[in-house]
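Beneath this line is the structure, given in structure tokens, with notes to follow.
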Amino acid sequence: MQFPESWLREYCNPDLNTEQLANVLTMAGLEVEEMRPAAPAFTGIVVGEIKEAVQHPDADRLRVCQVDIGAEKLLNIVCGAPNARVGIRVPVATVGAELPPPADSKDGKPFKIKVGKLRGVESYGMLCSARELGISEDHGGLLELASDASIGKNIREVLDLDDVIFELKLTPNLGHCNSVYGVAREVSALTGAPLKTLQFPAQQVTTDAVLPVDVQAPDLCGRFSGRLMQNLNTQVATPEWIVKRLERCGQRSVSALVDISNYVMFELGRPSHIFDADKIHGDLQVRWAQTGETLKLLNGNTVTLDEQVGVIADSQGVESLAGIMGGDASAVADTTRNIYIEAAFWWPEAVAGRSRRFNFATDAGYRFERGVDPASTIDHIEYITALILSICGTPETRCGVITDVQPNMPQRSSVTLRVDRASKIIGVPVTQEQCVSVFERMHFPLTQGDKQITVTPPSWRFDIEVEADLIEEVARFIGYDGLPVTAPVAPIFARTSSEMQRTPMQVRHKLAELGYLETINFSFVPRQWENELVDNATPIEVLNPIASELEVMRSSLLPSLLNVLRQNVGRHTQRVQVFELSHVFIRDAAVENTDTTVKGIAQPRYVAGLIYGDKKPVQWGDRPGASDFYDAKGDVEALFLPQQVQFVPASHPMLHPGRCAHVVLNKHVVGVVGELHPKWRQKYDLSHAPVMFELQFSALQHTQLPGYMPVSRFPAVLRDVALVVAESVTYAQLVDVMQQSVSKDGILKQITLFDVYRPKEGAVSDVPAGYKSMAFRLELVDELATLTDERISEVVATLVQAAGKAYNAKLRG
């Protein structure tokens, strides 16, 4: 909600400055998100009148103007604006004036006016457009001021450019504040300043012409009011005071009739619609749409409707989306002479969410889905009529009778507030007198009982339904700054966490130490990602997606990281190393409803990472090299330290079939690591494949503390063993069987693979084709005695024998 401060103070002008007023609103729940002047800072610009404008002797598009700014002599100013002519009053930037920096300015410094020379003619200033002053984007010519603007007066005073624009961030329950008068009503109640009473005098009826209306859907429309007006001049310009207020509310001027309707909406919170009466065929029907009906809207879109959307129709078809937007077929234009003004009450639940179905939003729909006062339709039509008569009226204008159909007016039930309950919920003592004072200032009808107050909500307060709503109002008016400062009663003790339990933040820090940057992505993803990248045919659907493509919940973090990579590569990023730690959503029938879970849906935390590009930034001392599977594998091992994990060949829909492995911890699969599948690399147009990993956070959460081990007094012994095994035998398999074979001895401290040999095709070798030689370095240490040659040979023989028995391994000759 955006509006100028001056408009608000016209209805309620408390004895507060701008900053104090903003603080009062914010403390009452109407958060002032931004305050800014109506125009950027500039100096030295005054009102001037063009007294003479002649053609420049050497330029077809320039004029030499003599301008009166109230000084002793006229200023000679060269101007290229097409509307520079004698008699108009315009903003004049005098020599030394500073204008706002141009949009293409690189340094952001003001534009200073100096004496210049254009095609040989000296110019002592500049005549300004609205865009040059930062007032609007209009750059079609000079900004023409009112003919009675005082010559020589500062333009900021003339146009009230020091007015402050307030932008409020309103919660959905504050729909009654979606208008300037609604905010003024709140300010009056908060500060005690008087509120200007609005008057809506009935306009004289000069014709008995009416347009019959049949409300066929009372669950859509509770009240429908309308009036015909004839013989209007719709080509007149909108008065400047309306245009200025609309612009400061963020609304551009369209035409006189449209501007009047928008003006009343911003002023009073009442969206209305004006039809071209000559384009309506027969009577109007207010009903739910029929499946398959179509409507071309004012924004140019053509939408297909169904029975969940309310419409206003005539005998030939749909004319308007109820409470959202009018149709193009019955829109007013410069040729319009006769109009029909409509003001209705649409049930909030009948409007809510409809515009989002068609991928647009409107100011009208925003207000109707939060609730609009149903009692004021007649008053607002009278007000709109008065504005139209004063702006578009002619001697032949005729004003019809207001028709008012009320099939289903909302009934406001009384709500009782218990004073003791209010004190308990708010957390501070409140008295009955305080509560009564709040409701009286808000003009709520009430009756009092013993420690309770019964309130009947006014017609404009749709948010008052239960006792908690009244308690909220009392708390709002007490304000945060009105709450007493009290020390906590209970003692506070710091709780220490176990050193064997890692927090998500500790895991994030570890990944950051490894060079990763954290990303945060939506948990909502396109269905295609789940179907193709994760092979999830039945993802969990989102009932109310924030965007049409974000329709399901993700069951893996990897597609999100791939999308991050795609966006960065599209911006020519050469190295990407990112991670994400977040929840995923997986169907699980064993999950029950609790305070933190939803039946049938598991929500585990996963950690995922992606590396793309060179291992290190380019520098003279290192040769560049692309990251590969082993870089990601090493980072996974570093995450799990001091625990040891194994890597077992596996498959995954996103990853390369031959370069993918499961991460195994204590014989349980806890993640996956691998290189992106070639088909996805090709689809996303990547020069080379990124490597990725995804791990269960629960597996990383539990760690082991390092333990004390004395350094042996006896020297370690190193032995190298080369084993010939089949190509299919893995390092992990060999190491595992060798460690288990001598685990009771306790003298084998470490096994390190230092060489792998595969014979080249056709070469003479002691290693047969289809086999490989794996050379291991064994580190043997006895804590109690020096190892003898006999014992060393016995341990080595045991290792080789175990490998031979399990995998037919043989010592290389």
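Given the structure is predicted, the values throughout are model-derived calculations rather than measurements. Values below: every heavy atom of this structure, side chains too, minus hydrogens, waters and symmetry copies. Just so you know, residue 1 is the first one in the sequence shown, and it goes up from there.
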Practice item. With side chain to side chain contact (heavy atoms under 4.5 Å, CB included) as the test, would you mind laying out the steps for Thr403 and Leu211 before giving the verdict? Key: CA-CA 8 Å; Thr403 57; Leu211 180 61; over 6 Å; no
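- Shown here are the side chain to side chain contact (heavy atoms under 4.5 Å, CB included) partners of Ala333, two or more places apart in sequence or in another chain: Thr335, Thr336.
- By the 30° and 60° cut-offs, the orientation of the rings of Phe358 relative to Phe360 is parallel.
- Residue Asp15 qualifies as open at atom CG: its count of foreign heavy atoms under 6.0 Å is 12 or below.
- We find that Arg85 and Glu144 are joined by a salt bridge, their nearest charged nitrogen and carboxylate oxygen being less than 4.0 Å apart.
- Atom CG of Leu228 is separated from atom OG1 of Thr207 by 8.0 Å, given to the nearest 0.5 angstrom.
- One finds the CD1 atom of Ile50 at 5.5 Å from the CG atom of Leu127 (value rounded to the nearest 0.5 Å).
- Contact check on Glu167 versus Arg36 returns a salt bridge, with a Lys/Arg side-chain nitrogen under 4.0 Å from an Asp/Glu carboxylate oxygen.
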**Study point:** Phe3/Leu168 under side chain to side chain contact (heavy atoms under 4.5 Å, CB included): CA gap, chis, key distance, verdict
**Key:** CA-CA 9 Å; Phe3 58 87; Leu168 303 187; 3.8 Å; yes
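- Between Phe166 and Trp7, a ring centre-to-centre spacing not shorter than 6.0 Å is recorded.
- The shortest side-chain heavy-atom distance between Arg367 and Met1 falls under the 4.5 Å cut-off.
- Here side-chain hydrogen bond (donor to acceptor under 3.5 Å, both in side chains) pairs that include residues 169-180, with residues two or more places apart or in two chains, are Thr171-Asn173, Asn173-Glu472, His176-Glu186, His176-Arg461.
- For the pair Arg185 and Tyr181, the cation does not sit on the ring face, since its NZ or CZ is not both under 6.0 Å from the ring centre and inside 45° of the axis.
- Contact check on Glu10 versus Arg245 returns a salt bridge, with a Lys/Arg side-chain nitrogen under 4.0 Å from an Asp/Glu carboxylate oxygen.
- Between the side chain of Arg9 and the backbone N or O of Pro14 there is at least one donor-acceptor pair closer than 3.5 Å.
- A perpendicular orientation is assigned to the rings of Tyr263 and Trp241, their planes being inclined by more than 60° (bins at 30° and 60°).
- Counting heavy atoms from C-beta outward, Leu246 and Thr238 have side chains that stay 4.5 Å or more apart.
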For a quick test of your reading: what N or O donor-acceptor pairs under 3.5 Å do the side chains of residues 114-121 make, sequence neighbours left out?
from   : atom 1 : to    : atom 2 : distance (Å)
Arg119 : NH1    : Asp58 : O      : 2.7

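- Of the N and O atoms on the side chains of Ser225 and Asp404, at least one donor lies less than 3.5 Å from an acceptor on the other residue.
- A distance below 6.0 Å separates the ring centres of Phe345 and Phe462.
- No side-chain donor-acceptor contact under 3.5 Å links Gln203 and Thr385.
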